[in-house]
Amino acid sequence: MQSVHGGDVYTYAAQYPGRAVLDFSANINPRGMPQAVRQAFLDSVEQCTQYPDPFCRELTGALSRTYGLAPAQFFCANGAAEVFFRLADVLRPRTALVTAPTFAEYETALRHFGCQVRRHRLRAEEGFAVTERILDELDQVDAVFLCSPNNPTGRAVEPGLLARMVDRCQQKRVRLIVDECFLDFLPDETQRTLLPALDRLDCVVVVRAFTKMYAMPGVRLGWCACADRLLLERLHAAGQPWGVSAPAQACGVAALQLAGYAGQTARYIAPLRQKLARDLRESGLQVFDGQANFLLFYTPQAGLKQQLAPRGILIRDCANYAGLGPGYFRVAVRKQEENDRLVREIREVLAHGESDYGAGDGVQRGEKCVGCRAVPHF
């Protein structure tokens with residue numbers, strides 16, 4: 001078995017035992033886990049002799065102080081992915097809209113509970129941005145799952161368009177679930193988040209996680225917020241009561257006490273992302289402008305992931321994303337020296353031409369990527 005997501009260092013270790021790897025396939029803060037969060041994890045060991053608080057009262061209190069909402073407006077879970085599955089279970093929409101490409105777990109969760117999923121296809125020639133084309137499709141569904149910034153494109157929905165989407169969903173009584181898990185990597189996060197408006201937006205659910213910003217994917221901690229208290233009660237009842245471990249709750253509380261940490265990270269990431277995008281373009285790849293801590297690019301050399309693996313580099317092959325296909329890859333923004341190594345390794349692989357892995361569908365073996373202007377559409 002192999003994970004369909006990034007960050008599968010376990011399969012890599014089985015294939016290349018004893019070899020160190022630079023993991024660009026998971027979009028984790030390159031600054032690593034903050035020391036205060038690490039210490040909170042260690043200190044929480046004493047709490048593990050008892051059941052964790054099923055209502056995460058200390059954590060929801062910290063979320064309340066941070067975001068200015070009532071503690072009862074939050075639901076915490078074992079990562080954002082669990083929130084999506086519980087939402088799909090509780091809402092049980094007949095039809096739902098997702099973009100293509102986007103995070104696969106929305107569609108997986110929705111289909112698991114019998115929902116018919118419609119895909120709004122984003123276009124490469126538009127930089128995979130969400131445009132006003134999506135507005136016409138909002139009337140035809142019961143729910144919308146929207147990722148902003150989107151994974152794997154890194155594009156955030158423009159505030160004006162998002163406001164129109166919210167208004168349309170409010171008018172049509174369509175439930176709008178907005179995944180903001182990468183939004184804190186944007187310097188203008190506070191101008192883009194829907195959290196402050198939730199009290200007057202009963203159709204909106206905002207989902208976030210501690211995973212990326214605080215480099216704690218192994219801890220598993222996500223949450224959502226909304227104005228619908230009944231929905232939140234149903235989310236609590238939709239699964240086992242101890243979904244968030246004591247260490248996870250402690251780490252979340254510690255992370256929320258780090259005032260300014262997300263903003264510092266956003267300012268740290270921005271120039272690194274810009275330089276990495278420039279270097280990848282100069283290497284002959286078509287790079288799509290992103291706003292978060294990762295980049296999507298295209299190359300006809302569709303075996304790039306397999307060619308980089310023996311060199312100790314792991315990237316995310318995006319061929320399995322709906323709306324993409326062979327030749328699309330995503331890389332996280334890491335520290336400067338690590339990004340430089342990624343670029344060097346990619347340039348060496350491209351310089352050697354095609355390998356046994358060949359090119360993607362519709363691309364002739366040996367075809368050069370000259371700016372990758374002719375991007376296939378899937």
Side-chain angles (χ1 to χ4, degrees), residues 4-7 26-28 63 67 73-91 93 96-112 115 117-120 122 128-130 134 138 141 143-159 161-163 165-166 169 174-186 189 192-198 201 203-214 217 220-226 228 231-232 235 262 290-294 296 316 318 321-323 330:
V4 299
H5 298 289
N27 309 319
I28 306 302
L63 286 166
Y67 295 104
Q73 289 182 262
F74 295 95
F75 169 73
C76 301
N78 186 273
E82 187 189 6
V83 176
F84 300 130
F85 271 83
R86 291 207 189 201
L87 283 168
D89 183 13
V90 168
L91 295 174
L97 183 69
V98 301
T99 62
T102 197
F103 183 51
E105 294 303 317
Y106 312 144
E107 186 167 340
T108 300
L110 289 163
R111 292 193 186 278
H112 180 77
C115 179
V117 178
R118 298 170 60 99
R119 293 173 179 168
H120 173 77
L122 307 179
F128 292 111
V130 176
I134 199 171
L138 301 181
V141 296
V144 179
F145 280 64
L146 182 70
C147 189
S148 181
N150 190 24
N151 176 11
T153 68
R155 293 291 296 267
V157 181
E158 287 307 306
L161 175 57
L162 183 58
M165 292 182 66
V166 169
C169 288
V174 174
R175 187 73 72 169
L176 177 61
I177 293 88
V178 183
D179 180 350
E180 293 187 351
C181 284
F182 290 102
L183 193 62
D184 46 5
F185 285 98
L186 275 62
E189 171 205 2
R192 292 178 177 271
T193 180
L194 291 178
L195 285 169
L198 284 184
L201 300 177
C203 74
V204 176
V205 179
V206 172
V207 182
R208 289 202 174 195
F210 291 85
T211 303
K212 316 298 184 180
M213 176 57 68
Y214 299 99
R220 310 305 305 137
L221 181 59
W223 54 274
C224 70
C226 70
D228 188 340
L231 172 61
L232 292 169
L235 288 176
Q291 297 161 278
N293 62 324
F294 53 92
L296 177 72
R316 175 67 159 92
C318 294
Y321 276 90
R330 188 195 68 202

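All residue numbers in this chain count up from 1 along the given sequence. Heavy-atom basis, side chains included; hydrogens, waters and symmetry copies ignored.
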Under the rule for salt bridge (charged side-chain N to carboxylate O under 4.0 Å, His left out), what residues qualify as partners of [X], not counting sequence neighbours?
X      : result
Glu189 : Arg208
Arg118 : none
Arg220 : none

Considering residues at least two apart in sequence or located in another chain, which fulfil the side-chain contact (heavy atoms from CB on, under 4.5 Å) criterion with [X]?
X      : value
Ala156 : Ser148, Pro149, Leu186, Arg192, Gln291
Ala225 : Leu69, Phe74, Leu195, Leu198, Trp223
Ala163 : none
Arg111 : Glu107, Val117

A side-chain contact here means heavy atoms from C-beta on lying under 4.5 Å apart; do [X] and [Y] qualify?
X      : Y      : answer
Thr99  : Ile134 : yes
Cys181 : Thr211 : no
Ile177 : Leu91  : yes
Arg86  : Phe75  : yes
Arg119 : Val98  : yes
Val207 : Val83  : yes
Leu162 : Leu146 : yes
Pro101 : Leu122 : yes

According to side chain to side chain donor-acceptor pair (under 3.5 Å), who are the partners of [X], at least two apart in sequence or on a separate chain?
X      : value
Asn78  : none
Asn27  : Arg330
Thr102 : Asn150

With sequence neighbours left out, the residues meeting ring pair (Phe, Tyr, Trp, His ring centres under 6.0 Å) with Phe85 are none
Sorted by chain and residue number, the ring pair (Phe, Tyr, Trp, His ring centres under 6.0 Å) partners of Tyr106 (sequence neighbours excluded) come out as Phe84, Phe103, Phe145
Heavy-atom nearest pair, Pro152 first then Leu296, reads O-CB, 3.5 Å
